[in-house]
Amino acid sequence: MPRRREVAKRVIFPDPKYNDRLVAKFMNAVMVDGKKSTAEQIVYGAFDLIVSRTSEQPLDIFKKAFDNIRPLLEVKSRRVGGSTYQVPVEVRSDRRNALAIRWIITYARGRGEKTMQERLAGEFLDAANNRGAAVKKKEDVHRMAEANKAFAHYRW
């Protein structure tokens, strides 16, 4: 956090195939070592697998999965009088998207399928159906915030 001025947000251009900013942002997060074409192949390949498995629009499944994973509340540590409290706070919209992207990619990489395309497709389908590791992570975060609701008055 700079002292002098606000840091300008970079403009993310929508992806070429679906013309969606969230897909482009997700693709950038999947990308490793600047290999954007490989990330495109992975994400679009996962979308093709979703179409072949469900015969639904992949963008609808993608959006539904993200809606099921985005957290509304999280806890932040707040130090008051020598003790640290876990204070529940609402999550800003850009952070909600960032957390959802991070959780999907992390848990997709940990899955047992052979290729990353299959792992991503499986994680999207699980998240769209309200199951899977990323949805469980969101529920854990919400449960933690609910358990610490007594400390909500320490919010700043």
Side-chain angles (χ1 to χ4, degrees), residues 1-2 7-78 84-149:
M1 302 221 6
V7 177
K9 284 260 187 202
R10 281 192 315 116
V11 178
I12 304 277
F13 296 108
D15 76 301
K17 192 171 183 181
Y18 294 100
N19 203 28
D20 191 82
R21 289 187 198 282
L22 190 59
V23 174
K25 210 161 182 58
F26 185 79
M27 212 174 292
N28 288 343
V30 169
M31 180 170 53
V32 178
D33 291 334
K35 298 191 174 187
K36 185 130 186 177
S37 59
T38 307
E40 279 182 3
Q41 287 176 356
I42 290 170
V43 173
Y44 291 149
F47 284 176
D48 292 341
L49 282 172
I50 289 172
V51 169
S52 66
R53 288 183 191 174
T54 64
S55 69
E56 290 183 41
Q57 288 295 321
L59 204 58
D60 296 340
I61 298 279
F62 179 77
K63 298 272 189 189
K64 192 173 175 185
F66 262 82
D67 288 340
N68 290 341
I69 292 175
R70 285 188 188 116
L72 296 171
L73 295 170
E74 67 178 343
V75 290
K76 283 194 173 182
S77 296
R78 171 99 162 124
T84 306
Y85 297 109
Q86 297 288 320
V87 180
V89 293
E90 287 185 24
V91 186
R92 291 187 334 270
S93 63
D94 55 341
R95 179 159 168 79
R96 289 174 69 190
N97 287 336
L99 286 172
I101 288 171
R102 190 180 317 152
W103 292 343
I104 285 181
I105 292 172
T106 302
Y107 292 116
R109 286 185 177 142
R111 286 173 73 100
E113 284 97 340
K114 189 166 179 147
T115 65
M116 188 60 184
Q117 294 175 356
E118 293 170 1
R119 294 173 187 170
L120 264 183
E123 196 63 38
F124 281 140
L125 291 172
D126 282 352
N129 294 323
N130 257 333
R131 50 192 160 90
V135 174
K136 185 180 180 316
K137 175 70 172 176
K138 176 198 138 182
E139 289 169 356
D140 290 345
V141 167
H142 277 199
R143 200 173 304 117
M144 181 78 97
E146 192 69 28
N148 290 301
K149 203 175 7 175

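The structure presented is a predicted model; accordingly, all values stated were derived computationally and were not measured.
- The line from CD1 of I69 to CD1 of I104 is 3.5 Å long, rounded to the nearest 0.5 Å.
- V141 and L73 get closest at one heavy-atom pair: CG1-O, 3.2 Å.
- When all heavy atoms are compared, the tightest approach of R21 to V11 is NH1-CG1, 4.5 Å.
- Atom NZ of K36 is surrounded by more than 12 heavy atoms from other residues, nucleotides or ligands within 6.0 Å.
- Interatomic distance, CE of M116 versus CD1 of I105, reported as 6.5 Å (0.5 Å rounding).
- Counting only distance, with no hydrogens or angles, the side chain of R78 and the backbone of Y85 share no donor-acceptor pair below 3.5 Å.
- Residue pairs meeting the side chain to side chain donor-acceptor pair (under 3.5 Å) criterion with at least one member in residues 41-63, sequence neighbours excluded, are D15-Y44, D20-K63.
- In summary, the aromatic rings of F62 and Y18 are positioned with their centroids too far apart to meet the 6.0 Å limit.
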Could you give the side-chain donor-acceptor pairs of residues 123-136 under 3.5 Å, partners two or more places apart or in another chain?
| unit_1 | atom_1 | unit_2 | atom_2 | d |
| --- | --- | --- | --- | --- |
| E123 | OE1 | R111 | NH1 | 3.2 |
| E123 | OE2 | A134 | N | 3.4 |
| D126 | OD1 | R131 | NH1 | 2.9 |
| D126 | OD2 | R111 | NH1 | 2.9 |
| N129 | ND2 | L125 | O | 3.1 |
| K136 | NZ | D140 | OD2 | 3.4 |

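- The distance from the CG atom of N148 to the CD atom of E146 is 10.0 Å, given to the nearest 0.5 Å.
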Full working for side-chain contact (heavy atoms from CB on, under 4.5 Å) between K17 and V23: CA-CA 10 Å; K17 192 171 183 181; V23 174; over 6 Å; no

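- Listed here is the closest heavy atom pair of L99 and P71: CD1-CG, 3.8 Å.
- The side chain to side chain donor-acceptor pair (under 3.5 Å) test applied to Q86 returns S77, not counting sequence neighbours.
- Considering only heavy atoms from C-beta on, T106 stays 4.5 Å or farther from K137 through its side chain.
- In terms of heavy-atom proximity, I12 sits nearest to A24 at CG2-CB, 4.0 Å.
- The distance from the CZ atom of R102 to the CG atom of N97 is 11.5 Å, given to the nearest 0.5 Å.
- When side chains are defined from C-beta on, R70 does not count as touching K138, because their heavy atoms never get closer than 4.5 Å.
- Between P58 and I50, the shortest heavy-atom contact is CA-CG2, 4.2 Å.
- Between the CD atom in E74 and the CE atom in M144 there is a gap of 11.5 Å [rounded to 0.5 Å].
- The CZ atom of R119 sits 9.5 Å away from atom CZ of R109, with the distance rounded to the nearest 0.5 Å.
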